[in-house]
S.K.: 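I am attaching a structure below and will ask some questions about it afterwards.
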Number of protein chains: 2
Amino acid sequence: MPVVKTSREEAVAAIAREFRAFGYDGASLSRLSGASGLGKSSLYHYFPNGKEDMAKAAADHVGAAVLELVITPLAGEGAPAARVKKAAAGLSKFYEGGKANCLVNLFSIGDAPEAAPGVAKTMAAALQNAFQAVAQNAGANAGDARQRAEQAIVEIEGALVVSRAQGSTRPFQRMLARLPGIIAAGE
Amino acid sequence: MPVVKTSREEAVAAIAREFRAFGYDGASLSRLSGASGLGKSSLYHYFPNGKEDMAKAAADHVGAAVLELVITPLAGEGAPAARVKKAAAGLSKFYEGGKANCLVNLFSIGDAPEAAPGVAKTMAAALQNAFQAVAQNAGANAGDARQRAEQAIVEIEGALVVSRAQGSTRPFQRMLARLPGIIAAGE
DNA sequence: GTCTATACGAAGATAGAC
DNA sequence: GTCTATCTTCGTATAGAC
């Protein structure tokens with residue numbers, strides 16, 4: 001049976017955009033209501049535990065996108081360098097070229113209540129594992145590969161912060177260009 | 001005449017700690033009042049424009065620390081690699097080994113009203129310039145040095161995000177170890 | 001499921017006594 | 001300068017009609 005995009009799914013997508021744009025505290029119920037097109041009471045109908053449930057749903061939604069756009073390409077077929085390039089393209093799409101933020105960062109700030117940040121951190125760990133596997137395919141030993149993967153995550157998060165601060169996507173784009181060298185160095 | 005630590009200066013230090021720990025939105029007046037030991041009315045006596053003034057004062061306070069602990073050592077005497085190592089030590093102290101946050105990141109999220117984020121971004125730019133100068137001293141041309149400096153800032157911001165997310169200062173410490181290689185590579 | 005209305009608290013900010 | 005008291009606004013959340 002085909003997966004129909006329910007009204008809830010569309011609402012979740014809109015809600016996730018708000019959280020990524022304004023953070024947990026900044027994404028007020030008014031904003032979430034306006035962005036999703038659902039009244040406050042409708043929001044509580046779909047998310048009985050209120051904002052916490054919305055954040056959790058947003059994190060799950062965003063995590064699925066990371067899986068599809070970045071982790072799957074990394075785990076796919078082809079040469080390590082080619083897979084990293086596909087992942088870089090996926091990252092660019094996922095982060096809208098550097099304009100969108102990362103929930104790992106946003107949900108670490110303010111009152112975000114446990115579950116949502118947990119999902120985000122789990123996805124980040126999965127991404128790091130995927131990077132590590134590619135680095136090992138490229139010839140690095142396990143420990144070295146793990147450090148390369150960590151550096152990749154660090155540079156992704158940092159480039160997003162710097163790009164946002166500078167109001168330019170250039171730092172993010174330059175980081176994407178560095179990625180193959182970080183993961184598959186000397187292959 | 002000796003610079004006496006006025007009550008205001010101590011209050012600013014406490015306020016800055018709160019902003020760095022909870023972000024702009026999260027550092028409520030109640031919290032700022034409690035941390036500084038000043039009642040709300042006293043806060044408004046020292047900071048007539050309220051929270052906005054407090055954030056600006058906090059940013060100035062923190063900026064002075066960056067100047068002293070990181071930028072000055074970078075601009076000092078000695079071999080480039082040695083200066084970067086001093087800066088790394090300064091960064092470790094400034095960020096409490098990776099446990100403290102960066103206002104450039106925090107003030108980019110939420111309702112922080114212009115002036116304070118501006119100060120933070122200006123300090124980040126000054127830091128990048130200092131890194132660039134050292135990289136040029138180490139033999140890099142201007143463009144290459146600028147990119148190395150940008151990467152350093154990116155890795156600093158990213159390592160802080162990752163360390164916070166993982167609840168470990170290890171990623172930050174490993175980044176510090178990479179710093180000399182980033183700035184003074186192949187010297 | 002969605003609406004209107006509303007409860008409740010916290011936040012930022014101000015007034016005026018001392 | 002600091003205090004108590006107060007004001008307003010906003011945010012989260014709920015009740016109950018439709």
Side-chain angles (χ1 to χ4, degrees), chain A residues 4-59 61 103 106-117, chain B residues 4-59 61 103 106-117:
Chain A
V4 178
K5 239 200 163 88
T6 76
S7 158
R8 187 179 191 276
E9 266 310 294
E10 295 179 54
V12 168
I15 286 167
R17 273 194 298 277
E18 293 299 302
F19 277 119
R20 289 182 80 182
F22 300 102
Y24 187 81
D25 293 333
S28 66
L29 288 193
S30 309
R31 242 197 256 272
L32 295 171
S33 171
S36 65
L38 294 174
K40 288 186 189 178
S41 295
S42 299
L43 285 178
Y44 277 88
H45 172 74
Y46 290 113
F47 309 98
N49 281 349
K51 199 172 176 178
E52 180 164 356
D53 275 4
M54 300 178 212
K56 174 67 164 53
H61 178 84
L103 290 182
L106 290 173
F107 280 177
S108 301
I109 295 167
D111 294 334
E114 305 258 326
Chain B
V4 179
K5 238 197 163 95
T6 77
S7 158
R8 188 180 193 275
E9 266 310 293
E10 294 179 55
V12 168
I15 286 167
R17 272 193 298 276
E18 293 299 302
F19 276 119
R20 288 184 80 183
F22 301 102
Y24 186 81
D25 293 332
S28 66
L29 288 195
S30 309
R31 241 197 258 271
L32 295 171
S33 171
S36 64
L38 295 173
K40 287 189 190 179
S41 296
S42 299
L43 284 177
Y44 276 87
H45 172 73
Y46 289 113
F47 310 98
N49 281 349
K51 199 172 176 178
E52 179 164 357
D53 275 4
M54 300 177 213
K56 173 70 164 51
H61 179 84
L103 290 182
L106 290 173
F107 280 177
S108 300
I109 295 167
D111 293 336
E114 303 257 326

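Sequence lines set the chain letters: A, B, ... in the order given, protein chains first and strands last, and positions in each chain run from 1. Quick note: numbers below take in every heavy atom, side chains included, and nothing from hydrogens, waters or symmetry partners. Model, not experiment: these values are computed from the prediction.
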S.K.: Hey, what's the ring geometry for A:Phe19 with A:Phe107, parallel, tilted or perpendicular (30° and 60° as the breaks)?
M.R.: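 Perpendicular, since the angle between the ring planes exceeds 60°.
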
S.K.: Between B:Lys51 and B:Tyr24, is there a side-chain heavy-atom distance shorter than 4.5 Å?
M.R.: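 In contact.
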
S.K.: Please report the distance, rounded to the nearest Å, between CG in A:Leu43 and C1' in C:dC3.
M.R.: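 Value for this atom pair: 13 Å.
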
S.K.: Can you identify which nucleotide, out of C:dG16, D:dT12, C:dT2, has its nearest atom closest to the A:His45 side chain?
M.R.: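 The answer is C:dT2, which lies nearest to the side chain.
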
S.K.: Grab the CZ-C1' distance between A:Phe47 and D:dT14 for me, whole Å please.
M.R.: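 From A:Phe47 CZ to D:dT14 C1': 18 Å.
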
S.K.: Compare all side-chain heavy atoms of A:Ser36 with those of A:Glu10 and state whether any distance is below 4.5 angstrom.
M.R.: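 Contact flag for A:Ser36/A:Glu10 side chains = no.
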
S.K.: What integer distance in Å separates B:Asp111:CG from C:dA11:P?
M.R.: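 It works out to 14 Å between those atoms.
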
S.K.: Once you round it to whole Å, what is the distance between P of D:dG11 and NZ of A:Lys40?
M.R.: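 Rounded to whole Å, this separation is 8 Å.
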
S.K.: CD of B:Glu52 versus C1' of C:dA11: gap in Å, rounded?
M.R.: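 Computing the B:Glu52:CD to C:dA11:C1' distance gives 16 Å.
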
S.K.: Pick base, sugar-phosphate or nothing for A:Tyr46, based on heavy-atom distances below 4.0 Å to the nucleic acid.
M.R.: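 Sugar-phosphate only.
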
S.K.: Tell me the interatomic distance from B:Tyr44, atom OH, to C:dG16, atom C1', rounded to whole angstroms.
M.R.: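 Going from B:Tyr44 (OH) to C:dG16 (C1'), I get 17 Å.
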
S.K.: For DNA chain D, find the residues of residues 18-39 of chain B with a heavy-atom distance under 4.0 Å and give them by number; none if there aren't any.
M.R.: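 B:Leu38, B:Gly39 - these, ordered by number, are the residues of the stretch whose heavy atoms sit under 4.0 Å from the strand.
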
S.K.: Please pick, from D:dA13, C:dT4, D:dC3, the nucleotide with the shortest atom-to-atom distance to any side-chain atom of A:Lys51.
M.R.: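 Nearest listed nucleotide: D:dA13.
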
